[in-house]
Amino acid sequence: MAIYLTKESKVLVQGMTGSEGMKHTRRMLAAGTNVVGGVSPRKAGRTVDFDDRAVPVFGTVADGMRATGADVTVVFVPPAFARAAVTEAADAGIGLAVVITEGIPVHDSVAFTTYARERGTRVVGPNCPGLITPGQSNAGIIPADITKPGRIGLVSKSGTLTYQLMYELRDIGFSTCVGIGGDPVVGTTHIDCLAAFQDDPDTELVVLIGEIGGDAEERAAAYVREHVAKPVVGYIAGFTAPEGRTMGHAGAIVSGSSGTAQAKKQALEAAGVSVGSTPTETAKLVLARLGEQRQ
(Lines give C-alpha, C1' and ligand atoms only; values in the text may rest on other atoms or scores of the structure.)
Protein backbone atom coordinates (compact mmCIF):
# COMPACT_ATOMS: atom_id res chain seq x y z
CA MET A 1 0.00 0.00 0.00
CA ALA A 2 0.95 3.67 -0.20
CA ILE A 3 -0.54 7.14 0.07
CA TYR A 4 -1.30 9.44 -2.87
CA LEU A 5 1.02 7.70 -5.38
CA THR A 6 1.19 4.07 -6.56
CA LYS A 7 2.44 2.03 -9.51
CA GLU A 8 -0.99 2.58 -11.06
CA SER A 9 -0.54 6.37 -11.13
CA LYS A 10 -0.31 7.89 -14.61
CA VAL A 11 1.87 10.97 -14.57
CA LEU A 12 2.00 14.08 -16.75
CA VAL A 13 4.90 16.53 -16.53
CA GLN A 14 4.09 20.19 -17.03
CA GLY A 15 7.24 21.82 -18.35
CA MET A 16 8.71 18.47 -19.45
CA THR A 17 10.55 19.97 -22.43
CA GLY A 18 12.51 22.44 -20.28
CA SER A 19 15.95 21.54 -18.92
CA GLU A 20 14.78 20.64 -15.41
CA GLY A 21 11.69 18.88 -16.71
CA MET A 22 13.76 16.78 -19.11
CA LYS A 23 16.34 15.83 -16.48
CA HIS A 24 13.85 14.78 -13.86
CA THR A 25 11.46 13.09 -16.25
CA ARG A 26 14.34 10.84 -17.22
CA ARG A 27 15.00 10.09 -13.54
CA MET A 28 11.33 9.43 -12.84
CA LEU A 29 11.12 7.01 -15.76
CA ALA A 30 14.25 5.22 -14.54
CA ALA A 31 12.53 4.80 -11.15
CA GLY A 32 9.61 3.05 -12.79
CA THR A 33 7.18 5.97 -12.83
CA ASN A 34 4.49 5.65 -15.48
CA VAL A 35 5.09 9.01 -17.18
CA VAL A 36 2.43 9.12 -19.89
CA GLY A 37 3.01 12.59 -21.32
CA GLY A 38 4.37 16.08 -21.07
CA VAL A 39 2.52 19.38 -21.33
CA SER A 40 3.95 22.25 -23.36
CA PRO A 41 1.61 24.41 -25.46
CA ARG A 42 4.33 25.38 -27.94
CA LYS A 43 5.46 21.81 -28.55
CA ALA A 44 2.16 19.96 -28.65
CA GLY A 45 2.10 17.00 -31.01
CA ARG A 46 5.78 16.17 -30.66
CA THR A 47 7.33 13.26 -28.80
CA VAL A 48 10.44 13.28 -26.64
CA ASP A 49 12.71 10.25 -26.56
CA PHE A 50 14.00 9.12 -23.16
CA ASP A 51 16.30 6.18 -23.83
CA ASP A 52 13.83 3.47 -24.92
CA ARG A 53 10.66 5.44 -24.12
CA ALA A 54 8.97 8.00 -26.42
CA VAL A 55 6.77 10.36 -24.40
CA PRO A 56 4.13 12.44 -26.21
CA VAL A 57 3.73 16.16 -25.61
CA PHE A 58 0.26 17.68 -25.23
CA GLY A 59 -0.87 21.27 -25.47
CA THR A 60 -2.92 21.22 -22.27
CA VAL A 61 -3.39 19.09 -19.19
CA ALA A 62 -6.94 18.34 -20.30
CA ASP A 63 -5.66 17.02 -23.65
CA GLY A 64 -3.13 14.84 -21.87
CA MET A 65 -5.73 13.45 -19.48
CA ARG A 66 -8.16 12.65 -22.30
CA ALA A 67 -5.48 10.84 -24.29
CA THR A 68 -3.78 8.94 -21.46
CA GLY A 69 -6.04 8.80 -18.41
CA ALA A 70 -3.41 10.68 -16.37
CA ASP A 71 -4.28 11.33 -12.73
CA VAL A 72 -1.07 13.04 -11.52
CA THR A 73 0.83 16.05 -12.81
CA VAL A 74 4.31 17.19 -11.80
CA VAL A 75 4.91 20.92 -12.31
CA PHE A 76 8.35 22.10 -13.44
CA VAL A 77 7.40 25.54 -14.78
CA PRO A 78 9.03 28.89 -13.84
CA PRO A 79 7.53 30.74 -10.85
CA ALA A 80 5.69 33.29 -12.96
CA PHE A 81 3.70 30.53 -14.69
CA ALA A 82 3.06 28.23 -11.71
CA ARG A 83 -0.32 29.69 -10.76
CA ALA A 84 -1.63 29.28 -14.30
CA ALA A 85 -0.21 25.75 -14.54
CA VAL A 86 -1.87 24.53 -11.33
CA THR A 87 -5.12 26.31 -12.17
CA GLU A 88 -5.15 24.58 -15.55
CA ALA A 89 -4.55 21.20 -13.92
CA ALA A 90 -7.33 21.77 -11.40
CA ASP A 91 -9.73 22.87 -14.14
CA ALA A 92 -8.94 19.63 -15.97
CA GLY A 93 -9.90 17.67 -12.85
CA ILE A 94 -6.58 15.97 -12.16
CA GLY A 95 -6.36 14.30 -8.77
CA LEU A 96 -2.83 15.27 -7.70
CA ALA A 97 -0.59 18.20 -8.67
CA VAL A 98 3.01 18.05 -7.40
CA VAL A 99 4.52 21.54 -7.58
CA ILE A 100 8.32 21.41 -7.54
CA THR A 101 8.83 25.08 -8.49
CA GLU A 102 10.41 27.31 -5.85
CA GLY A 103 10.26 31.09 -5.59
CA ILE A 104 6.51 31.33 -6.23
CA PRO A 105 4.98 34.52 -4.76
CA VAL A 106 2.95 33.71 -1.65
CA HIS A 107 -0.20 35.34 -3.01
CA ASP A 108 0.00 33.01 -6.04
CA SER A 109 0.39 29.98 -3.78
CA VAL A 110 -2.62 31.06 -1.72
CA ALA A 111 -4.65 31.46 -4.89
CA PHE A 112 -3.83 28.17 -6.59
CA THR A 113 -3.89 25.97 -3.48
CA THR A 114 -7.34 27.33 -2.60
CA TYR A 115 -8.57 27.00 -6.18
CA ALA A 116 -7.31 23.43 -6.46
CA ARG A 117 -8.78 22.38 -3.11
CA GLU A 118 -12.19 23.70 -4.14
CA ARG A 119 -12.03 21.56 -7.28
CA GLY A 120 -10.87 18.38 -5.63
CA THR A 121 -7.22 18.49 -6.73
CA ARG A 122 -4.63 17.75 -4.06
CA VAL A 123 -1.53 19.97 -4.31
CA VAL A 124 1.78 18.78 -2.89
CA GLY A 125 4.15 21.74 -2.59
CA PRO A 126 5.09 24.24 -3.81
CA ASN A 127 8.87 24.40 -3.36
CA CYS A 128 9.05 20.72 -2.53
CA PRO A 129 10.93 17.60 -3.68
CA GLY A 130 7.68 15.76 -4.43
CA LEU A 131 6.83 12.29 -3.22
CA ILE A 132 7.98 8.75 -3.77
CA THR A 133 6.51 5.34 -3.12
CA PRO A 134 9.69 3.24 -3.35
CA GLY A 135 9.52 0.45 -5.88
CA GLN A 136 6.34 1.84 -7.37
CA SER A 137 6.45 5.48 -8.48
CA ASN A 138 8.37 8.71 -8.03
CA ALA A 139 6.77 12.11 -8.73
CA GLY A 140 9.36 14.85 -8.35
CA ILE A 141 13.08 15.05 -7.63
CA ILE A 142 13.60 12.66 -4.69
CA PRO A 143 16.45 10.22 -5.43
CA ALA A 144 14.95 6.80 -6.01
CA ASP A 145 18.01 4.72 -5.19
CA ILE A 146 18.63 5.66 -1.53
CA THR A 147 15.98 3.46 0.07
CA LYS A 148 13.64 0.55 -0.57
CA PRO A 149 9.97 -0.34 -0.01
CA GLY A 150 9.06 -0.77 3.64
CA ARG A 151 6.62 0.13 6.38
CA ILE A 152 7.69 3.63 7.45
CA GLY A 153 5.75 6.67 6.29
CA LEU A 154 7.60 9.98 6.08
CA VAL A 155 6.30 13.56 5.85
CA SER A 156 8.79 16.40 5.77
CA LYS A 157 9.11 20.14 5.23
CA SER A 158 12.76 19.76 4.24
CA GLY A 159 13.96 18.10 1.04
CA THR A 160 17.49 17.49 2.28
CA LEU A 161 16.31 15.94 5.54
CA THR A 162 13.85 13.78 3.62
CA TYR A 163 16.78 12.29 1.74
CA GLN A 164 18.90 11.89 4.86
CA LEU A 165 16.24 10.02 6.84
CA MET A 166 15.43 7.86 3.82
CA TYR A 167 19.11 6.91 3.64
CA GLU A 168 19.56 6.41 7.38
CA LEU A 169 16.56 4.04 7.45
CA ARG A 170 17.23 2.38 4.10
CA ASP A 171 17.46 -1.08 5.66
CA ILE A 172 13.87 -0.76 6.93
CA GLY A 173 12.35 1.03 3.95
CA PHE A 174 9.36 3.28 3.38
CA SER A 175 5.74 3.03 2.28
CA THR A 176 5.63 6.60 0.95
CA CYS A 177 7.82 9.67 1.53
CA VAL A 178 6.13 13.06 1.04
CA GLY A 179 8.08 16.31 0.87
CA ILE A 180 5.40 18.91 1.57
CA GLY A 181 7.65 21.96 1.14
CA GLY A 182 8.75 24.65 3.54
CA ASP A 183 6.95 27.71 2.16
CA PRO A 184 4.44 29.58 4.35
CA VAL A 185 1.57 28.22 2.23
CA VAL A 186 1.50 24.60 1.06
CA GLY A 187 -1.25 22.49 -0.42
CA THR A 188 -0.71 19.37 1.69
CA THR A 189 0.12 19.56 5.39
CA HIS A 190 1.68 17.33 7.99
CA ILE A 191 -1.86 16.65 9.24
CA ASP A 192 -3.06 15.53 5.80
CA CYS A 193 -0.24 13.02 5.57
CA LEU A 194 -0.63 11.84 9.16
CA ALA A 195 -4.30 11.08 8.47
CA ALA A 196 -3.43 9.19 5.28
CA PHE A 197 -0.67 7.18 6.94
CA GLN A 198 -2.95 6.34 9.86
CA ASP A 199 -5.42 4.87 7.36
CA ASP A 200 -2.76 2.98 5.36
CA PRO A 201 -2.63 -0.62 6.65
CA ASP A 202 0.95 -1.10 5.47
CA THR A 203 2.41 1.94 7.23
CA GLU A 204 3.61 0.84 10.66
CA LEU A 205 5.26 4.06 11.92
CA VAL A 206 5.39 7.68 10.78
CA VAL A 207 8.40 10.00 10.71
CA LEU A 208 7.51 13.69 10.87
CA ILE A 209 10.18 16.25 9.96
CA GLY A 210 9.57 19.91 10.70
CA GLU A 211 11.57 23.06 11.07
CA ILE A 212 11.49 26.39 12.86
CA GLY A 213 8.86 28.94 11.96
CA GLY A 214 5.08 28.93 11.95
CA ASP A 215 2.91 26.57 13.97
CA ALA A 216 2.43 23.62 11.61
CA GLU A 217 4.21 21.21 13.92
CA GLU A 218 2.24 22.31 16.97
CA ARG A 219 -0.99 21.73 15.03
CA ALA A 220 0.32 18.35 13.91
CA ALA A 221 1.06 17.48 17.55
CA ALA A 222 -2.53 18.25 18.50
CA TYR A 223 -3.75 16.03 15.66
CA VAL A 224 -1.47 13.16 16.70
CA ARG A 225 -2.77 13.34 20.26
CA GLU A 226 -6.39 12.98 19.14
CA HIS A 227 -6.29 10.91 15.96
CA VAL A 228 -3.08 8.93 15.38
CA ALA A 229 -2.73 5.53 17.03
CA LYS A 230 0.49 4.55 15.25
CA PRO A 231 3.87 5.54 16.70
CA VAL A 232 5.26 8.84 15.42
CA VAL A 233 8.91 9.92 15.55
CA GLY A 234 9.85 13.53 14.90
CA TYR A 235 12.77 15.77 14.10
CA ILE A 236 12.80 19.57 14.08
CA ALA A 237 15.49 21.41 12.12
CA GLY A 238 16.80 24.65 13.56
CA PHE A 239 17.72 24.13 17.22
CA THR A 240 20.79 26.34 16.79
CA ALA A 241 18.98 29.11 14.89
CA PRO A 242 19.13 32.56 16.56
CA GLU A 243 15.81 34.00 17.71
CA GLY A 244 14.29 36.89 15.78
CA ARG A 245 16.07 36.03 12.54
CA THR A 246 14.58 34.96 9.21
CA MET A 247 16.36 31.78 8.14
CA GLY A 248 16.75 29.98 4.83
CA HIS A 249 13.26 28.72 4.10
CA ALA A 250 10.51 31.20 3.39
CA GLY A 251 8.45 29.76 6.22
CA ALA A 252 11.24 29.66 8.81
CA ILE A 253 10.54 32.88 10.69
CA VAL A 254 10.91 32.85 14.46
CA SER A 255 9.57 35.56 16.72
CA GLY A 256 10.30 35.27 20.46
CA SER A 257 9.45 31.76 21.62
CA SER A 258 6.84 31.23 18.89
CA GLY A 259 8.01 28.87 16.18
CA THR A 260 11.21 27.79 17.90
CA ALA A 261 12.52 24.26 17.61
CA GLN A 262 12.28 23.81 21.38
CA ALA A 263 8.60 24.85 21.45
CA LYS A 264 7.80 22.44 18.64
CA LYS A 265 9.74 19.61 20.30
CA GLN A 266 7.83 20.14 23.56
CA ALA A 267 4.47 20.13 21.78
CA LEU A 268 5.27 16.92 19.93
CA GLU A 269 6.62 15.14 22.98
CA ALA A 270 3.53 16.11 24.95
CA ALA A 271 1.53 14.29 22.27
CA GLY A 272 3.60 11.13 22.65
CA VAL A 273 5.95 11.74 19.73
CA SER A 274 9.59 10.72 20.22
CA VAL A 275 11.74 13.63 18.99
CA GLY A 276 15.39 13.27 18.03
CA SER A 277 18.00 15.99 18.45
CA THR A 278 19.81 14.98 15.24
CA PRO A 279 18.77 13.04 12.14
CA THR A 280 20.91 10.08 13.23
CA GLU A 281 19.35 10.04 16.71
CA THR A 282 15.93 10.28 15.06
CA ALA A 283 16.70 7.18 13.00
CA LYS A 284 17.72 5.34 16.17
CA LEU A 285 14.43 6.33 17.81
CA VAL A 286 12.57 4.91 14.81
CA LEU A 287 14.36 1.58 15.21
CA ALA A 288 13.59 1.55 18.94
CA ARG A 289 9.88 2.32 18.42
CA LEU A 290 9.59 -0.31 15.71
CA GLY A 291 11.16 -2.83 18.08
CA GLU A 292 8.58 -1.96 20.73
CA GLN A 293 5.76 -2.37 18.19
CA ARG A 294 6.91 -5.81 17.17
CA GLN A 295 7.43 -7.25 20.64
Side-chain angles (χ1 to χ4, degrees), residues 4 74-87 89-90 96-119 121-131 139-142 154-163 177-196 207-224 234-268 275:
Y4 306 148
V74 185
V75 180
F76 284 104
V77 304
F81 305 109
R83 178 175 177 177
V86 180
T87 299
L96 175 64
V98 183
V99 187
I100 307 301
T101 308
E102 63 179 327
I104 298 172
V106 174
H107 59 82
D108 281 358
S109 296
V110 171
F112 70 65
T113 54
T114 302
Y115 189 87
R117 189 178 302 113
E118 290 172 348
R119 283 153 184 78
T121 295
R122 173 173 297 282
V123 172
V124 171
N127 187 17
C128 77
L131 66 161
I141 64 174
I142 296 175
L154 187 150
V155 52
S156 173
K157 275 186 177 181
S158 166
T160 302
L161 290 171
T162 298
Y163 313 153
C177 303
V178 186
I180 60 174
D183 278 4
V185 175
V186 293
T188 294
T189 66
H190 286 114
I191 291 174
D192 294 328
C193 294
L194 286 165
V207 176
L208 183 153
I209 300 175
E211 62 186 12
I212 57 171
D215 66 348
E217 294 80 5
E218 288 88 344
R219 286 185 280 116
Y223 185 86
V224 169
Y235 175 68
I236 306 297
F239 272 97
T240 60
E243 292 186 8
R245 296 282 294 277
T246 301
M247 307 307 290
H249 270 194
I253 301 171
V254 176
S255 177
S257 62
S258 176
T260 64
Q262 186 61 35
K264 294 176 184 296
K265 180 176 187 288
Q266 290 172 352
L268 288 165
V275 181

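One is the number of the first residue; the rest follow in order along the sequence.
Between Val106 and Asp183 there is no side-chain heavy-atom pair separated by less than 4.5 Å. You'll find the side chain of Val178 stays beyond 4.5 Å of the side chain of Asp192, heavy atoms only. Counting only heavy atoms from C-beta outward, the side chains of Lys157 and Ile209 never approach each other to under 4.5 Å. Contact annotation: the side chain of Ile104 never approaches that of Asn127 to less than 4.5 Å [non-hydrogen atoms, C-beta and beyond]. Taking the side chain as every heavy atom from C-beta outward, Ile141 and Tyr163 approach each other to under 4.5 Å. Annotation: side chain of Leu268 is not in contact with side chain of Val224 (no heavy-atom distance under 4.5 Å).
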Inset, instruction - Report the C-alpha distance between Thr113 and Val186 in whole Å, list the side-chain angles of each, state the deciding distance to 0.1 Å, and finish with yes or no for side chain to side chain contact (heavy atoms under 4.5 Å, CB included). - result: CA-CA 7 Å; Thr113 54; Val186 293; over 6 Å; no
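Nearest heavy-atom pair, Ala89 versus Thr121, reported as atom, atom and distance to 0.1 Å: O-OG1, 4.4 Å. For Ala220 against His190, the heavy-atom pair with the smallest separation is CB-CB, 3.9 Å. What you find for Glu218 and Lys264 is that their closest heavy atoms are OE1-NZ, 3.1 Å. The shortest heavy-atom contact between Pro129 and Ile100 is C-CD1, 3.9 Å. Of all heavy-atom pairs between Cys128 and Val124, the closest is SG-O, 3.7 Å. Summarising the geometry of Ala267 relative to Ala221, their closest heavy-atom pair is O-CB, 3.4 Å, with the distance given to 0.1 Å.
The 12-atom threshold is exceeded at OH of Tyr223, counting heavy atoms of other residues, nucleotides or ligands nearer than 6.0 Å.
Interatomic distance, Thr188 OG1 to Arg122 CZ, rounded to the nearest 0.5 Å: 4.0 Å. Here the straight-line distance linking atom CG of Leu131 with atom CD1 of Ile142 works out to 6.5 Å at 0.5 Å rounding. Atoms OG1 and CZ, from Thr189 and Arg219 in turn, are 7.0 Å apart once rounded to the nearest 0.5 Å. Separation of atoms CG (Leu208) and CD1 (Ile180) is listed at 7.5 Å; rounding is to 0.5 Å. Between the NZ atom in Lys265 and the OH atom in Tyr235 there is a gap of 11.5 Å [rounded to 0.5 Å]. The distance from the CZ atom of Arg83 to the OH atom of Tyr115 is 10.0 Å, given to the nearest 0.5 Å.
A donor-acceptor distance shorter than 3.5 angstrom exists from the side chain of Thr101 to the backbone of Val77, with no hydrogens or angles considered.
Legend: residues meeting salt bridge (Lys or Arg N to Asp or Glu O under 4.0 Å) with Arg119, ordered by chain and number and at least two apart, are Asp91.
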